[in-house]
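Here the structure is laid out as structure tokens; the discussion comes afterwards.
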Amino acid sequence: MSESDFLGELAWRGMLQQHTDGAGRMLAAGTVSGYAGFDPTAPSLHVGSLVPIMGLVHLQRQGHRPYALVGGGTGMIGDPSGKTTERTLQSIDQVMANAESIGVQLSRFLDFSGPRAAVLRNNADWLLGMGAVEFMRDVGKHLTVNYMIAKDSVKSRMDAGISYTEFSYMLLQAYDFVALRRRDGVTLQVGGSDQWGNMTAGVELIRRMDGAEAHAVTFPLLTTAAGAKFGKTEAGAVWLDADRTSPYQFFQFWINTDDRDVGRYLRLMTLLDREVIESLESDVIEHPERRGAQTALAREITARVHGHEAALIAGEVSRVLFGRGEVSGLAPAVLAALAKEVPGATVSRDEQLSLTDLFVRAGLVKSKGEARRVADQGGAYVNGERAASGLMLSEIVPLAGSYILLRKGARDYAMIQVAG
RNA sequence: GGUGGGGUACCCAAGCGGCCAACGGGAGCAGACUGUAAAUCUGCCGGCUAACGCCUUCGAAGGUUCGAAUCCUUCCCCCACCA
């Protein structure tokens with residue numbers, strides 16, 4: 001058998017873009033240590049990093065040892081790949097802080113126990129201490145400028161200009177591979193297909209410096225059927241950090257996946273079995289209105305990123321906000337999560353407030369006139385029940401003792417918290 | 001600097017002494033339909049009021065008039081053409 005289980009798994013998931021010759025042979029021959037690198041350009045990873053993360057997860061599940069490399073050193077330089085202009089340098093403190101928190105995030109995906117325990121590395125450990133002369137003699141001597149300018153990441157910048165700093169980035173990343181092989185025996189690098197040039201430079205450098213064999217495997221870059229950039233919403237990037245993108249918003253991002261994309265995302269970003277995914281895919285075709293595949297996708301990924309408890313709550317909040325959920329009897333934890341997602345206001349129990357006042361207080365409408373209009377048109381809801389404009393605060397029974405969920409129209413919510 | 005045209009509600013755009021809170025379109029909101037899609041249909045769309053009605057608004061400030069977005073004066077700002 002020449003095809004390894006790892007590559008086979010990637011292949012049916014549509015996760016295999018290209019790989020160096022012999023990668024399959026090496027993977028089939030025994031336990032391999034492989035790594036993926038992550039840029040500390042922000043204090044959190046976003047959903048765009050999920051594919052390489054899942055690449056490492058599959059690697060570990062198929063009997064190999066995953067290394068997650070945070071680019072604390074390379075982050076000081078900036079990867080020119082896919083960039084049309086020179087990047088601004090980040091401060092050392094910032095890069096280090098980012099590397100730290102990204103490392104924490106990565107550690108949630110991989111198993112750090114057992115014989116093939118995952119390992120976290122930071123290339124600042126070997127790059128920051130390296131001298132310029134040492135670098136040029138030991139590393140730079142092995143690759144020609146001709147080789148480097150032939151790479152797409154450099155070539156595409158030849159017109160607009162590229163600084164020597166970013167030009168050298170490839171060498172640093174290539175050297176990472178060398179360093180990881182020397183200290184940890186890592187012989188495989190995985191990453192997005194935009195990294196192919198840098199990765200093969202590493203393979204080449206290992207061959208020249210150490211005369212050893214190493215391989216590279218790339219994943220396809222994510223696209224959306226609608227042509228939008230993956231991982232972006234009107235609110236900006238979708239982060240893995242709960243403080244930047246709440247579990248509910250994260251859940252919603254996946255729920256809103258286009259029918260045309262959902263099957264691919266299930267393959268790329270969940271560990272669901274092939275049969276399960278295929279049945280979800282046929283469900284999308286036969287019963288698109290059920291949104292079963294989207295729900296499964298959202299549950300799986302949210303649970304993996306934020307934990308099962310948070311995923312359940314996010315699912316509940318989503319169900320309530322989009323009209324299919326019974327409001328009475330919601331758990332306080334769900335109500336609290338809900339309150340964080342919608343605008344709100346606090347009122348005192350004994351205030352003489354009508355429904356129109358509450359809608360104005362909550363910011364759902366601009367004036368009492370508008371509130372009245374909405375209510376008269378049947379668009380005002382209190383705790384899930386259609387309500388008239390004359391309804392008084394004292395007549396409303398708060399949920400869990402203190403929450404009043406207001407809704408205007410189909411999906412505009414606000415939460416009133418009753419104090420006193 | 002000269003001449004001509006114009007500034008109307010979120011945007012476009014009618015109105016040119018009372019019937020104007022101001023035609024129409026777009027956007028927005030609500031209802032129906034629907035898959036947390038798209039389209040379609042209906043209603044609403046300055047503020048306060050349960051309502052009669054009251055208040056604020058048509059570049060700004062004054063004025064004429066019983067009454068002004070509409071007429072007059074001054075000012076501010078845009079656009080076009082000519083210097």
Side-chain angles (χ1 to χ4, degrees), chain A residues 47 223-228 230-235 238 245-266 279-302 311-327 330 334 337-338 340-343 352-395 405-415:
Chain A
V47 291
T223 54
T224 65
F230 172 77
K232 296 277 184 197
T233 65
E234 314 81 64
V238 180
T245 301
S246 73
Y248 161 73
Q249 289 159 352
F250 189 82
F251 189 92
Q252 279 302 306
F253 171 74
W254 299 107
I255 280 285
N256 286 322
T257 301
D258 195 302
D259 289 358
R260 295 167 291 179
D261 293 321
V262 68
R264 200 154 42 94
Y265 293 178
L266 279 166
S279 103
L280 285 167
E281 282 175 325
S282 58
D283 191 56
V284 169
I285 293 163
E286 286 157 34
H287 298 285
E289 75 284 0
R290 286 185 192 160
R291 307 174 69 74
Q294 280 88 344
T295 307
L297 179 71
R299 283 187 184 144
E300 281 291 315
I301 304 185
T302 309
L312 281 177
I313 291 174
E316 278 293 292
V317 171
S318 172
R319 234 165 39 79
V320 170
L321 293 188
F322 289 95
R324 279 194 293 276
E326 178 54 39
V327 176
L330 281 178
V334 175
L338 232 166
K340 282 200 202 115
E341 299 301 338
V342 300
Q352 286 294 316
L353 297 172
S354 68
L355 178 117
T356 49
D357 295 319
L358 290 174
F359 268 63
V360 173
R361 287 273 192 108
L364 285 175
V365 292
K366 289 197 293 287
S367 67
K368 297 175 85 171
E370 187 186 344
R372 202 173 301 116
R373 252 188 324 267
V374 167
D376 290 347
Q377 290 176 137
Y381 297 81
V382 172
N383 292 339
E385 301 283 325
R386 188 172 270 182
S389 59
L391 188 70
M392 296 304 291
L393 172 63
S394 55
E395 303 173 82
L405 184 63
L406 303 180
R407 182 177 124 208
K408 177 177 75 120
R411 67 185 64 160
D412 207 359
Y413 283 86
M415 186 73 98

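Below, chain A is the first sequence line, B the second, and so on; all start at residue 1. These values consider heavy atoms only, across backbone and side chains, with no hydrogens, waters or symmetry-generated copies.
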ask   = Between B:rU36, B:rC44, B:rA32, which nucleotide gets closest to the side-chain atoms of A:Gln377?
value = B:rC44

message = Using heavy-atom distances to pick each residue's nearest nucleotide on RNA chain B, tell me which of A:Asn256 and A:Lys408 is more 5'.
response = A:Lys408

key: Span that lies between the C1' atom of B:rC12 and that of B:rA27, in whole angstrom   = 10 Å

inquiry  = My understanding is that a pair needs two contacts under 3.5 Å, Watson-Crick or G-U wobble. By that rule, which nucleotide pairs with B:rA80?
reply    = B:rU3

Atom pairs under 3.5 Å: protein N/O with N/O of nucleotides 39-42 of chain B:
none

request  = Identify, with sequence neighbours excluded, every residue that meets side-chain contact (heavy atoms from CB on, under 4.5 Å) alongside A:Tyr381.
outcome  = A:Arg386, A:Arg407

query = Distance between the P atoms of B:rC41 and B:rC76, in whole angstroms?
reply = 49 Å

Euclidean distance for P, B:rA69 against B:rA22 (whole angstrom) = 13 Å

request  = Would you mind pulling out the nucleotide paired to B:rA32, Watson-Crick or G-U wobble, both distances under 3.5 Å?
outcome  = B:rU40

query = If we call it a pair only when both distances are under 3.5 Å in a Watson-Crick or G-U wobble match, what pairs with B:rA13?
reply = none

ask   = What distance, rounded to whole Å, do you find between the two P atoms, one in B:rC29 and one in B:rA37?
value = 13 Å

query = If we call it a pair only when both distances are under 3.5 Å in a Watson-Crick or G-U wobble match, what pairs with B:rC66?
reply = B:rG18

query = Can you give one letter per nucleotide of nucleotides 46-57 of chain B, going 5' to 3': B for a protein heavy atom under 4.0 Å from the base, S for sugar-phosphate only, - for none?
reply = -SSBS-------

task = Tell me the partner of B:rA60, counting only Watson-Crick (N1-N3 plus N6-O4 or O6-N4) or G-U wobble (N1-O2 and O6-N3) with both under 3.5 Å; none if nothing fits.
result = B:rU74

inquiry  = Between B:rC16 and B:rC66, how far apart are the two P atoms, rounded to whole Å?
reply    = 23 Å

ask   = Which base sits across from B:rC23 as a Watson-Crick or G-U pair, both distances under 3.5 Å?
value = none

ask   = Does a distance-only test, which skips hydrogens and angles, find a donor-acceptor pair under 3.5 Å between the side chain of A:Gln294 and the base of B:rU36?
value = no

message = Taking the C1' atom in each of B:rU74 and B:rA80, what is the distance between them to the nearest angstrom?
response = 25 Å

